[in-house]
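Every chain is numbered from 1 and lettered A, B, ... according to where its sequence line falls, protein lines coming before strand lines.
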Amino acid sequence: MENTSPRNFLEEIIEEDLNKGKNGGRVHTRFPPEPNGYLHIGHAKSICLNFGLAQKYGGLTNLRFDDTNPTKEDVEYVESIKEDIRWLGFSWDDREYYASDYFQQLYEWAEKLIKEGKAYVDDQSAEEISRQRGTITTPGIESPYRNRSVEENLDLFRRMRAGEFPEGSRVLRAKIDMAHPNMLMRDPIMYRIIYAHHHRTGDKWCIYPMYDYAHGQSDYLEGITHSICTLEFEIHRPLYDWFLDQLMDTEYRPRQIEFARLNLSYTVMSKRKLLQLVKEGYVSGWDDPRMPTICGLRRRGYTPESIRNFADRIGVARRDNVIDVSLLEFSVRENLNKRAIRRLAVLNPVKLVIENYPEGQVEYLPAVNNPEDPESGTRPIPFARELWIEREDFLAEPVKGFHRLFPGGEVRLKYAYIIKCERFEIDPQTGEVCTIYCTYDPQSKTGGATANRKVKGTIHWISVAHAHAAEVRLYDRLFNVPDPDDVPEGGSFIDHLNPNSLRVVSAYIEPALAEARQGEHFQFERLGYFFPDYDFTPEKPVFNRTVTLKDTWAKFAGK
RNA sequence: UGACCGAUGGUGUAACGGCAGCACAGGAGAUUUUGGUUCUCUUAGUCCAGGUUCGAAUCCUGGUCGGUCAACCA
């Protein structure tokens, strides 16, 4: 292989395995979500890794729902997870599996372990078992039921399965080592009794395998070669290997490899906290555009490509990391800059009157749809005597470095004329500027005699007579500190919620925008990238702000 | 006082015993009918102490700091 580009540690491992001819030279990965919540950007990292690695090495990736706990899981989540993976641009073809597909085989293997004296039924309560487990620095003690006969264990286990015992009364444990320094090896629980309806197996089972017993065997059954998971499962690896070694005598072996999960600044990522935001109404739902969920990002206007690029850029390693959210924002700006259709909109309008422009006259001026894409052409936009401009683009008393409109100053109206501010009026009620009066240079239109005159700034505008109203939702970071989880005693990440993470404004948009379609990405020139919300209708257009444009003036002015 | 894992600019991530590179962020400038884009330039880093070696981010030893583990969750 002559690929000299730097490789991450997963690629190194895979290439090493390939060179050694391990597992017949196959690469087969899996993405194993538990259907108990919505996927977020951290899952996207894992998805890109698992599918990306398989793609790179000519292998396959399975989708496997890890549904071993019927009390927590639900079909509702299965569909959303599939939709999100597809949307991200990956396909598992027909390899859609469920850990529950393997319940029968897992059960038979459990009997095999019992027969070999490697597993036993424990009659103790959860509390007793927990007490006997010892602590991190002291060994555990053995259960009084540990040395039951094979016959008794088998009988009890079969009766557990038959539903003869109440929930929580007995468990099946692997007989390993109660003094093992790794607590997970201290006779871990393999099966527990749960009388709950399973979303796939219904009421067929009342005993359910634990993650540790199910995962490695599921990998084995699917022919997975590289079982990639996050760092917190590292300590589970000896157990993953132990079961495989007891049960399998082939040369083929799936291998668990851990990587550091994604953390994002100004964001919380745990399912529990995300759920709390939804349940307690801090956001409108899992797909609230401020959520780091895949469906939230989608509604916000993020593109699959931008998320894949982001996943590439953040890399992968085994050290804990916090990615700056600005890298995510960079990724979406970069992608949207290339593809977003340019349109004009005024979010915070103030009226501007061009006194020497004929009353009643309307011109349709050509405006470029996307300067990054010469093929995209132009559309006509109506220009008239009365316009809306952005309130921030006028200052009665200009400050140093201000390139926009002020009394006596000139500015170019994008795609139109150069205007000069003659005077302005203040609303006596509010004390705010209400009307700005200008004159225009009739020769300064694109292609005109004075069109190339240098003026300091260019601003956008909307003809009052032709403006459509729209609701625009301005989103900002959900939290106002880089690490929302960093809270003093008794505090909560909720305390760090950004009160201005959503501002809804009534805006004026150019006529073409009223005809926007779902799924189209727009740049409102000089403002940012916007995406029609699911609530959008031609009668009542609603846009979500995906992200602002990079704004070096705001940065300067803010100092 | 346990086991396992980790430590490279502000944030990520490369280097496989031989010039510490790239991206984001930050800064300066050029271009620009978006204070966008693009293009230049630029600030800033190997946790500490020993050892091995002609040569150490890399190997060894010891420390320091951080993470994970005591659900019948995954």
Side-chain angles (χ1 to χ4, degrees), chain A residues 5-8 12 32-34 36 66-69 71-73 99 122 125-126 129-131 133-140 167-173 180-186 188-194 208 210-212 214-215 229-238 258 260 265 271 312-331 333-334 337-338 342 344 368 371-372 401-404 411-416 418 444 446 451-452 454-460 482 523-528 548-557:
Chain A
S5 68
R7 257 152 274 174
N8 63 51
E12 281 179 13
E34 182 185 17
N36 73 341
D66 219 332
D67 55 352
T68 56
N69 187 350
T71 64
K72 295 199 171 173
E73 295 144 10
D122 196 330
S125 68
I129 290 175
S130 166
R131 214 176 305 124
R133 200 164 348 246
T135 72
I136 239 154
T137 49
T138 59
E167 193 161 304
S169 61
R170 286 183 166 84
V171 291
L172 183 71
R173 292 228 257 170
H180 198 106
N182 180 344
M183 305 254 329
L184 281 159
M185 299 294 274
R186 323 243 260 226
I189 289 165
M190 293 169 60
Y191 273 94
R192 74 285 214 196
I193 300 169
I194 302 174
Y208 291 91
M210 299 285 289
Y211 165 86
D212 286 300
H215 205 91
C229 62
T230 48
L231 238 33
E232 63 267 29
F233 291 98
E234 182 174 4
I235 202 152
H236 294 245
R237 184 164 14 107
E258 312 84 19
S265 63
K271 269 184 196 169
D312 276 347
R313 260 188 275 256
I314 60 177
V316 60
R318 285 175 64 84
R319 52 177 170 267
D320 291 330
N321 61 84
V322 183
I323 306 290
D324 196 324
V325 72
S326 66
L327 184 59
L328 216 212
E329 293 170 348
F330 167 80
S331 296
R333 281 192 190 107
E334 173 196 54
N337 175 53
K338 280 184 252 160
R342 270 57 171 180
L344 299 187
V368 174
E372 304 293 318
F402 185 75
H403 292 172
R404 307 174 192 179
V411 79
R412 185 187 303 275
L413 294 171
K414 180 92 181 177
Y415 304 124
I418 293 171
S444 62
T446 305
N452 294 328
K454 291 290 173 203
V455 286
K456 286 173 297 184
T458 301
I459 65 173
H460 60 279
Q523 183 196 101
F524 292 180
E525 293 210 43
R526 301 211 304 132
L527 296 172
T548 62
L549 253 28
K550 201 170 136 192
D551 189 348
T552 50
W553 166 248
K555 202 181 295 170
F556 174 80

Legend entry - A:T68 side-chain N/O to B:rA74 phosphate OP1/OP2 under 4.0 Å: yes
Legend entry - Short side-chain N/O contact to B:rG36 OP1/OP2 from A:T552, under 4.0 Å: yes
Inset, instruction - Determine if A:W553 stacks with B:rG35; use a centre-to-centre distance below 5.5 Å and an interplanar angle below 30° as the criteria. - result: yes
Inset, instruction - Would you indicate which nucleotide in B:rA70, B:rG6, B:rG35 comes nearest to any side-chain atom of A:R318? - result: B:rG6
Legend entry - Backbone of A:M210 reached by a side-chain donor or acceptor of A:T68 within 3.5 Å: no
Inset, instruction - Measure from the side chain of A:R133, starting at C-beta and using heavy atoms only, and say which of B:rC4, B:rU33, B:rA70 lies closest. - result: B:rA70
Inset, instruction - Indicate, yes or no, whether a donor-acceptor pair under 3.5 Å links the base of B:rG36 to the side chain of A:R333. - result: no
Legend entry - Side-chain touch A:S331/A:R313, heavy atoms, less than 4.5 angstrom: yes
Inset, instruction - Report yes or no: is there a donor-acceptor pair, N or O only, under 3.5 Å between the side chain of A:T458 and the base of B:rU34? - result: no
Inset, instruction - Output yes when a side-chain donor or acceptor of A:R133 lies under 3.5 Å from a complementary backbone atom of A:G140, and no otherwise. - result: no
Inset, instruction - Could you measure between the two P atoms, the one in B:rU58 and the one in B:rU1, and give it in whole Å? - result: 26 Å
Inset, instruction - For residues A:N36 and A:K271, report the shortest heavy-atom separation together with the two atoms involved. - result: OD1-NZ, 2.5 Å
Legend entry - Options B:rG36, B:rU34, B:rC24, nucleotide nearest the side-chain atoms of A:Q523: B:rU34
Inset, instruction - Considering just the side-chain nitrogens and oxygens of A:R342, establish if one lies under 4.0 Å of OP1 or OP2 belonging to B:rU34. - result: no
Inset, instruction - Hey, which sits more toward the 5' end of RNA chain B by its nearest nucleotide, A:E525 or A:A317? - result: A:A317
Inset, instruction - Look at the side chain of A:N337 and decide which nucleotide, out of B:rU37, B:rU11, B:rA74, has an atom nearest to it. - result: B:rU37
Legend entry - Polar side-chain atom of A:N182 near backbone of A:I235 as donor-acceptor pair, under 3.5 Å: yes
Inset, instruction - In whole angstrom, give me the gap between the P atoms of B:rA20 and B:rA30. - result: 33 Å
Inset, instruction - From the options B:rU33, B:rA74, B:rA70, select the nucleotide whose nearest atom is closest to the side chain of A:I136. - result: B:rA70
Inset, instruction - State whether A:K555 places a side-chain N or O below 4.0 Å from either non-bridging phosphate oxygen (OP1 or OP2) of B:rA25. - result: no
Inset, instruction - Sticking with atom P, work out how far B:rC54 lies from B:rA15, rounded to a whole angstrom. - result: 26 Å
Legend entry - Base B:rG36 paired with A:E372 side chain (donor-acceptor, <3.5 Å): yes
Inset, instruction - State, yes or no, whether a side-chain contact exists between A:H403 and A:W553 at a heavy-atom distance under 4.5 Å. - result: no
Inset, instruction - Could you check how far CE of A:M183 sits from P of B:rA70, rounded to whole Å? - result: 7 Å
Legend entry - For atom CE of A:M210 and atom P of B:rA71, their distance in whole Å: 10 Å
Inset, instruction - Give RNA chain B the dot-bracket treatment, 5' to 3': Watson-Crick (N1-N3 with N6-O4 or O6-N4) or G-U (N1-O2, O6-N3) under 3.5 Å, [ ] crossing, | other strand. - result: .((((((..((((....[..)))).(((((.......)))))....(((((..]....))))))))))).....
Legend entry - Phosphate OP1/OP2 of B:rA3 contacted by A:R186 side-chain N/O (<4.0 Å): no
Legend entry - Length of the CG-P vector between A:L231 and B:rG6, whole Å: 9 Å
Inset, instruction - Please check the phosphate of B:rC73 (OP1 and OP2 only) for any side-chain N or O of A:N69 closer than 4.0 Å. - result: yes
Legend entry - B:rU13 versus B:rG50 - spacing of their C1' atoms, nearest Å: 30 Å
Legend entry - Under 3.5 Å donor-acceptor, A:E73 side chain and A:N69 backbone: yes
Legend entry - Chi-based syn or anti call at B:rA30, which uses purine or pyrimidine torsion atoms and a 90° bound: anti
Legend entry - Integer angstrom distance from the C1' of B:rU46 to that of B:rG21: 13 Å
Inset, instruction - Measure from the side chain of A:E234, starting at C-beta and using heavy atoms only, and say which of B:rU34, B:rA14, B:rC5 lies closest. - result: B:rC5
Legend entry - Whole angstrom value for the distance that separates C1' of B:rC72 from CZ of A:R170: 14 Å
Legend entry - Atom-pair distance (CD1 on A:I459; P on B:rG35), nearest Å: 10 Å
Inset, instruction - Would you indicate, yes or no, if B:rU33 has its OP1 or OP2 atom less than 4.0 angstrom from a side-chain nitrogen or oxygen of A:K456? - result: no
Legend entry - Rounded distance in Å between the C1' positions of B:rA23 and B:rG45: 15 Å
Inset, instruction - Rounded to the nearest angstrom, tell me the gap between atom CZ in A:R313 and atom C1' in B:rA25. - result: 13 Å
Inset, instruction - Find out whether A:E372 and A:R342 are in side-chain contact, i.e. whether some heavy atom of one side chain is under 4.5 Å from a heavy atom of the other. - result: yes
Inset, instruction - Measure from CG on A:D320 to P on B:rG12 and round the result to the nearest Å. - result: 9 Å
Inset, instruction - Look at the side chain of A:R319 and the base of B:rU8, then say whether one donor and one acceptor between them are separated by less than 3.5 Å. - result: yes
Inset, instruction - Provide the distance between the two C1' atoms, one in B:rU43 and one in B:rA28, to the nearest whole Å. - result: 10 Å
Inset, instruction - Write down the atom of A:I193, the atom of A:E167, and the distance for their closest heavy-atom approach. - result: O-CG, 3.0 Å
Inset, instruction - Kindly confirm whether the side-chain ring of A:H215 is stacked on the base of B:rA74, judged by centres under 5.5 Å and planes under 30°. - result: no
Legend entry - P atoms of B:rU61 and B:rU52, separation to the nearest Å: 15 Å
Legend entry - Under-4.0 Å side-chain N/O to phosphate OP1/OP2 contact, A:R192 with B:rA74: yes
Inset, instruction - Name the closest nucleotide to the A:P181 side chain, picking from B:rG36, B:rA25, B:rA3. - result: B:rA3
Inset, instruction - Going by the side chain to side chain contact (heavy atoms under 4.5 Å, CB included) test, name the single residue among A:R404, A:R526, A:R412 that passes it with A:T458. - result: A:R412
Inset, instruction - Output the single nucleotide from B:rU34, B:rG12, B:rG2 whose closest atom is nearest the side chain of A:T137. - result: B:rG2
Short heteroatom pairs, N/O only, protein and nucleotides 39-41 of chain B, under 3.5 Å:
none

